[in-house]
Amino acid sequence: MASQTAARERIEAQIAQIPRLRGTGPNPFDYDQWDARTDEVLAGTCGAGSAELERYRREVRTGGRLPGVRGNAENMTLNIHGQWGILERLVRAEALLAEFAGGLATD
């Protein structure tokens, strides 16, 4: 695991990008890049098999086709609205990442 301060800073950097993502519509391409980077940050800071990364994937990244929702697992553009739309994913991601960052002590 990265130092707690570095881990916190990386996670907070991802949180800081959320308002911009919302402001772009949100743009599915930008969201997909942010989501992939967030996954990388959590894997690098918390560990590839960490509970935090698995929780992020379960609560934010659920892929595949859900009833009435196109999913990123099929390489299709995500919907913006709805439980698994980008806006709701960002709400869940922001709360979850803030929780993770808040649980990290500063060195």
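For this chain, numbers begin at 1 and follow the sequence in order.
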Quick check: closest heavy atoms across Val60 and Tyr31, and the distance to 0.1 Å? CG1-OH, 3.8 Å

Identify whether the distance between the nearest side-chain nitrogen and carboxylate oxygen of Glu40 and Arg10 falls below 4.0 Å. no

Any heavy-atom pair between the side chains of Val41 and Arg37 that's under 4.5 Å? yes

How long is the gap from CD1 on Ile15 to CZ on Phe100, to the nearest 0.5 Å? 10.0 Å

Looking at Glu12 and Arg8, does any basic side-chain N land under 4.0 Å from a carboxylate oxygen? yes

Taking side chain to side chain contact (heavy atoms under 4.5 Å, CB included) as the definition, give me every residue that meets it alongside Ser50, ordered by chain and number, with sequence neighbours left out. Cys46, Glu52, Leu53

On a heavy-atom basis, which atom in Tyr56 and which in Leu96 lie closest, and how many Å separate them? CA-CD2, 3.6 Å

Rounded to the nearest 0.5 Å, how far does CH2 of Trp34 lie from CG of Asn27? 14.0 Å

One should read off an interatomic distance between Arg89 CZ and Ile80 CD1, to the nearest 0.5 angstrom, of 12.5 Å

Please round to the nearest 0.5 Å and tell me the distance separating atom CD1 of Ile86 and atom CZ of Arg22. 12.0 Å

What is the distance from atom CG of Leu97 to atom CD of Glu99, rounded to the nearest 0.5 Å? 9.5 Å

Separation between CD1 of Ile11 and CG of Leu104, rounded to the nearest 0.5 Å: 5.0 Å

Are Ile18 and Leu87 linked, directly or through intermediate hydrophobic residues, by side-chain heavy-atom contacts shorter than 4.5 Å (ILVMFWY only)? no

